[in-house]
Amino acid sequence: IRVGDPLRRRLHRAVDRYPVAHSGVVHLVAVAGVIDEDAVGGTDLARLTAWVDQQLNPAAIPDTACNARLASSGFSTLGKSLTQLFLDHHVADPEWYERIRPAIETELATWTRAVYSQRQLFEVLVDFWHNHFNVYAWEFIEAPLWVHYDRDVIRARALGNFRQLLESVVKAPAMLVYLDNYINFAAELDGNPVGSNENFAREMIELHCLGAENSHGNLPREQVPGYPNPTGYCQQDVVDLARALTGWTFAIDWVQWDCPEGGDNDGHFFYCDEAHDTQPKEILGTVIPGGGTAASDGFAALNRLASH
């Protein structure tokens, strides 16, 4: 899914539908100093379209003044790697303010960009994707990792491909711990008699991908309208999505008893095949054969969700 062309078409339809309003919109944007009313384009629509085209390539928009404000603000965490964030603000067990400093500084930087950045459409889309793939920043593990989630997951792919963004979100330690997938392990694993953890899978299929209005509850999957290319999903899809994502976790010592790599305790994502459910699965009418790895089953599941 590409953001640019569909967004541009929706803009055109909106302006064409409300011809009285669009000149006012362009004037307000110009007053705000974003575009020049005398810029290239003979009509309001042409000028507004040119502005959107410019905004859809934020890397080409100089943002010197905003960057200077950020650089002079004294932030100490925005440039840290995932490993540095995890070690400095979680493993070191600092006092609370230092633990949540990455979340505080990300919030302040977000406000700075919202007010002063010339890349306004990009900032709006970053906010949109943060709301769509919501993680609460002020938690015990999430706060230390918030710079990484904002910078390397949401901002890095805000104008990109949805499938790639979805995978990046699934692999983000902040999301993995927030919705419990970091402890989503196969039912047959020693000490796990209750089966896989469905929390993340339910949020992903219901909120991130298909929408709650397309839930068919406990209806057998074969009875969901359109099956085997169903228009919605059912509880069986949630269960099998959770099973497909078993073993997607990250290196925190809380999981080292089931996934030895967790003992690295440095925050990196990894696939724990020892904790993966290798039985066959079916998601939205697509069968995932048995015997797969955590990576192969998870990729198949994400491909199906993104293509629905």
Side-chain angles (χ1 to χ4, degrees), residues 132-136 139-142 149 163 165-224 227-228 230-250 252 254-255 257-259 262 269-290 292-308:
H132 188 77
F133 293 110
N134 180 61
V135 173
Y136 184 63
E139 298 280 5
F140 188 74
I141 301 296
E142 292 85 329
Y149 190 64
R163 167 63 180 80
L165 174 58
L166 184 63
E167 181 179 334
S168 186
V169 167
V170 179
K171 291 179 174 180
M175 178 64 84
L176 286 168
V177 72
Y178 182 60
L179 290 179
D180 302 318
N181 204 79
Y182 81 108
I183 51 171
N184 177 20
F185 300 149
E188 62 269 21
L189 198 66
D190 289 343
N192 183 26
V194 297
S196 56
N197 189 307
E198 298 172 13
N199 193 23
F200 189 23
R202 188 175 306 281
E203 294 287 304
M204 184 186 299
I205 199 168
E206 181 177 281
L207 301 181
H208 300 160
C209 293
L210 271 72
E213 68 276 12
N214 291 308
S215 172
H216 292 271
N218 288 318
L219 191 70
R221 58 165 48 105
E222 293 81 6
Q223 296 179 26
V224 175
Y227 181 87
T231 58
Y233 63 94
C234 65
Q235 174 62 15
Q236 290 174 296
D237 293 308
V238 173
V239 171
D240 279 5
L241 177 58
R243 293 172 56 230
L245 292 174
T246 50
W248 285 51
T249 187
F250 73 104
I252 184 170
W254 300 351
V255 304
W257 292 273
D258 296 311
C259 301
F269 170 85
F270 69 96
Y271 304 107
C272 180
D273 284 326
E274 297 95 329
H276 181 62
D277 185 326
T278 60
Q279 297 302 306
K281 307 158 187 75
E282 183 176 343
I283 300 170
L284 302 177
T286 296
V287 174
I288 302 175
T293 64
S296 65
D297 285 0
F299 289 160
L302 297 183
N303 289 342
R304 182 65 186 101
L305 289 174
S307 67
H308 186 271

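All figures in this text were calculated on a predicted structure; none of them were measured in a lab.
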Taking the side chain as every heavy atom from C-beta outward, state whether M175 and V170 have any atom pair closer than 4.5 Å. no

When you check the side-chain N and O atoms of D180 and N199, is any donor under 3.5 Å from an acceptor? yes

Lys/Arg-Asp/Glu bridge criterion (N-O < 4.0 Å) met for K281, D237: no

Closest non-hydrogen atoms of G262 and V255, given as atom of the first, atom of the second and distance, are CA-CG2, 3.9 Å

D240 side chain to E282 backbone, donor-acceptor under 3.5 Å: yes

Which atom names give the shortest non-hydrogen contact between N197 and A242, and what distance separates them? O-CB, 3.7 Å

State whether the side chain of E142 and the backbone N or O of Y136 hold a donor-acceptor pair below 3.5 Å, judged by distance alone. no

In terms of side-chain heavy atoms, does S196 have a donor or acceptor partner in R243 at a distance below 3.5 Å? no

Which atom pair, heavy atoms only, marks the closest approach of L176 to F269? CD1-CD1, 3.8 Å

If every non-hydrogen atom of D297 is compared with every non-hydrogen atom of H276, which pair is closest and at what distance? OD2-NE2, 2.8 Å

Are any of the side-chain heavy atoms of I288 and I283 separated by less than 4.5 Å? yes

Output all residues satisfying ring pair (Phe, Tyr, Trp, His ring centres under 6.0 Å) with Y149, sequence neighbours left out; order by chain, then residue number. H130, W146

Using modelled atom types and a 3.5 Å cut-off, is there a donor and acceptor pairing between side-chain atoms of T246 and backbone atoms of F185? no

N184 and F200, any side-chain heavy atoms less than 4.5 Å apart: no

To check you understand the geometry: which heavy-atom pair defines the closest contact between T231 and H216, and what is its length? OG1-NE2, 4.3 Å

Using 30° and 60° as the class boundaries, would you call the ring planes of F299 and W248 parallel, tilted or perpendicular? perpendicular

Any chance you could lay out the side chain to side chain contact (heavy atoms under 4.5 Å, CB included) test for I183 and T249, step after step, and finish with the verdict? CA-CA 7 Å; I183 51 171; T249 187; over 6 Å; no

On a heavy-atom basis, the closest approach of A301 and A244 is CB-CB, 3.9 Å

Check: residues 201-213 side-chain donor-acceptor pairs under 3.5 Å, at least two apart:
unit_1: R202; atom_1: NH1; unit_2: Q235; atom_2: OE1; d: 3.1
unit_1: R202; atom_1: NH2; unit_2: E198; atom_2: OE1; d: 2.8
unit_1: R202; atom_1: NH2; unit_2: Q235; atom_2: OE1; d: 3.1

